[in-house]
Novice: 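Right, I'll just put the structure down here and ask away after.
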Protein chains: 2
Amino acid sequence: MRLSTRGHYGLKAMFDLALYYGKTPVPLKAVAGRQKLSEHYLEQLLAMLRRAGLVKGVRGARGGYILSRQPAEITVGDVIRALEGPIAPVYCVNEEEPGDCDEADYCIIRTVWARVRDSIAEVMDSISLADMCRDASKNPDKLI
Amino acid sequence: MRLSTRGHYGLKAMFDLALYYGKTPVPLKAVAGRQKLSEHYLEQLLAMLRRAGLVKGVRGARGGYILSRQPAEITVGDVIRALEGPIAPVYCVNEEEPGDCDEADYCIIRTVWARVRDSIAEVMDSISLADMCRDASKNPDKLI
DNA sequence: TTTAATTCCTAGTATTTTTATCGGAATAAC
DNA sequence: GTTATTCCGATAAAAATACTAGGAATTAAA
């Protein structure tokens with residue numbers, strides 16, 4: 001039950017952008033520097049987030065990235081789905097197009113994974129970037 | 001957020017053993033045949049489950065595997081931890097020995113993953129093999 | 001109009017993890 | 001002693017992950 005670094009780094013980046021929401025675009029380099037991530041790698045993650053409609057890129061000097069919606073309108077679930085695909089502990093309980101357990105046997109197992117999936121989705125969908133910023137402002141140590 | 005096939009196959013095997021609990025040992029070949037899994041691969045999973053103390057191997061002719069505790073005493077969480085390691089969406093919120101996010105920054109992220117972890121663990125720890133057998137007996141179609 | 005800062009794009013590659021496969025030794029029932 | 005089985009260690013193939021590299025396109029500002 002591991003997230004890949006895509007999800008982890010991607011959420012860091014989105015949180016970073018949320019903290020700067022409403023200001024000038026944030027250059028990739030700034031995010032990568034603060035989060036100590038490879039620029040090139042992070043760039044790919046931001047491309048995925050852009051294609052998913054979660055961020056916008058502003059090209060040219062003084063460009064950077066900005067969230068395409070308000071932080072309150074973007075959840076952890078949005079970010080993770082953009083980077084890791086639909087939430088699904090196993091293929092047969094995929095949120096979008098559940099693969100078919102060709103044999104209809106043993107599907108008690110499937111109900112277990114469905115409960116796990118729902119529980120993950122519920123948590124992720126209930127936390128917005130704005131929630132995270134609010135928590136951060138209560139603990140200044142944890143700010144950037 | 002994917003489980004590897006180890007967890008998926010392993011839970012299938014444990015459920016299979018639970019359905020035969022109290023009877024003669026179940027040979028690997030029988031489990032593999034019913035679940036349509038590679039014998040050799042399943043053997044490795046059962047070795048992991050044995051080392052974790054969840055099953056016992058009975059060697060020799062008429063041997064096989066049996067659960068080492070009653071199905072009510074074994075949860076999905078036990079099985080998954082034995083096969084996939086401690087539940088942890090990311091290394092820094094590992095259930096057992098959380099890796100240290102050397103930089104103390106951005107750890108709002110960590111609280112998010114901790115909530116995800118707890119929610120997964122809560123579901124997995126609340127479902128026992130006995131619960132699954134009970135559900136199965138209500139839906140005879142889903143029995144072996 | 002040049003320069004510098006930046007996103008955007010495509011491709012490649014090294015590493016790690018996953019998913020097996022193989023062959024045989026040890027054990028025990030019949 | 002034969003057969004059915006677990007147990008063990010090694011290896012290999014496949015897939016995913018995590019990154020690296022280089023350069024084209026775009027834009028602000030000097």
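Convention: sequence-line order gives letters A, B, ...; per-chain numbering from 1.
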Novice: On the nucleotide D:dC8, are OP1 or OP2 found under 4.0 Å from the side-chain N or O atoms that B:Arg50 carries?
Specialist: yes
Novice: Report the C-alpha distance between B:Leu28 and B:Val31 in whole Å, list the side-chain angles of each, state the deciding distance to 0.1 Å, and finish with yes or no for side-chain contact (heavy atoms from CB on, under 4.5 Å).
Specialist: CA-CA 5 Å; B:Leu28 174 67; B:Val31 178; 5.5 Å; no
Novice: Looking only at side-chain atoms of B:Tyr65, point me to the closest of D:dC19, D:dC7, D:dA25.
Specialist: D:dC7
Novice: Within less than 4.0 Å of OP1 or OP2 of D:dT17, is there a side-chain N or O belonging to A:Tyr41?
Specialist: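 For D:dT17, neither OP1 nor OP2 has a side-chain N or O of A:Tyr41 closer than 4.0 Å.
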Novice: D:dC8 base to B:Glu43 side chain: any donor-acceptor pair below 3.5 Å?
Specialist: yes
Novice: Using a heavy-atom cut-off of under 4.0 Å over every strand shown, decide if B:Leu46 touches base, sugar-phosphate, or nothing.
Specialist: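 The residue B:Leu46 makes no contact with any strand.
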Novice: Atom NE2 of B:His40 and atom P of D:dC7: how far apart are they, to the nearest Å?
Specialist: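 B:His40 atom NE2 is separated from D:dC7 atom P by 15 Å.
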Novice: Within this structure, what is the NE2-to-P distance between B:His8 and C:dA20, rounded to whole angstrom?
Specialist: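 Taking NE2 of B:His8 and P of C:dA20, I get 13 Å after rounding.
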Novice: Heavy atom of residues 74-82 of chain A under 4.0 Å from DNA chain D: which residues?
Specialist: none
Novice: Under 4.0 Å between a side-chain N or O of B:Ser4 and OP1 or OP2 of C:dT19?
Specialist: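 Indeed, a polar side-chain atom of B:Ser4 lies that close.
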Novice: A:Met1 pairs by side-chain contact (heavy atoms from CB on, under 4.5 Å) with which of B:Met1, B:Arg117, B:Arg81?
Specialist: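 Only match with A:Met1 under side-chain contact (heavy atoms from CB on, under 4.5 Å): B:Met1.
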Novice: Figure out the CG/P separation between B:Leu28 and D:dT6, and round it to whole Å.
Specialist: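 Those two atoms, CG and P, are 5 Å apart.
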Novice: Has A:Arg34 got a side-chain atom pairing as donor or acceptor with A:Asp16's backbone, closer than 3.5 angstrom?
Specialist: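 Not a single qualifying donor-acceptor pair exists.
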Novice: Rounded to whole angstroms, how far apart are CD on A:Glu39 and C1' on D:dA21?
Specialist: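 Answer to the nearest Å: 13 Å.
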Novice: Given that A:Ala61 and B:Lys29 both sit by DNA chain D, which one's nearest nucleotide is further toward the 5' end?
Specialist: B:Lys29
Novice: Looking at the base of C:dT21, is there any donor atom on it, or on the side chain of B:Gln44, that sits under 3.5 Å from an acceptor on the other one?
Specialist: yes
Novice: Below 4.0 angstrom from OP1 or OP2 of C:dA20, is there any side-chain N or O of B:Tyr9?
Specialist: yes
Novice: Do B:Arg59 and C:dA26 have a side chain to base donor-acceptor pair shorter than 3.5 Å?
Specialist: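 For B:Arg59, whose side chain was compared with the base of C:dA26, there is a donor-acceptor pair (under 3.5 Å).
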Novice: So, under a plain 3.5 Å distance rule, would you say the side chain of A:Arg62 forms a donor-acceptor pair with the base of C:dA5?
Specialist: no
Novice: How many whole angstroms separate atom CG of A:Leu37 from atom C1' of D:dT20?
Specialist: 15 Å
Novice: Counting only N and O atoms by type, is there a donor-acceptor contact under 3.5 Å from the side chain of B:Arg6 to the main-chain atoms of B:Leu83?
Specialist: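 A pair under 3.5 Å: yes.
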Novice: Can you check the A:Ile66 CD1 to C:dT7 C1' distance for me, whole Å?
Specialist: 13 Å
Novice: Check the distance between D:dC19's P and A:Leu45's CG and give it to me in whole angstrom.
Specialist: 10 Å
Novice: Please figure out whether A:Gly60 or A:Arg51 has its closest DNA chain C nucleotide nearer the 5' end.
Specialist: A:Gly60
Novice: Is the number of heavy atoms from other residues, nucleotides or ligands within 6.0 Å of CZ (A:Arg62) greater than 12?
Specialist: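 Open.
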Novice: I'd like to know if the side chain of A:Glu84 reaches the main chain of A:Ser4, judged simply by a donor and an acceptor atom lying under 3.5 Å from each other, with no hydrogens or angles considered.
Specialist: yes
Novice: Check the phosphate of D:dT20 against A:Ser38, side-chain N and O only, distance under 4.0 Å to OP1 or OP2. Yes or no?
Specialist: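 Yes, such a contact exists.
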Novice: Can you measure A:Met48 atom CE to D:dT17 atom C1' for me and round it to whole angstrom units?
Specialist: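 Rounded to the whole Å, the gap is 12 Å.
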Novice: Would B:Ile109 and A:Met132 satisfy side-chain contact (heavy atoms from CB on, under 4.5 Å), going step by step from the backbone distance to the final call?
Specialist: CA-CA 8 Å; B:Ile109 309 288; A:Met132 292 170 63; 3.6 Å; yes
Novice: Do you know the tightest heavy-atom contact between A:Ser128 and A:Pro71?
Specialist: CB-O, 3.7 Å
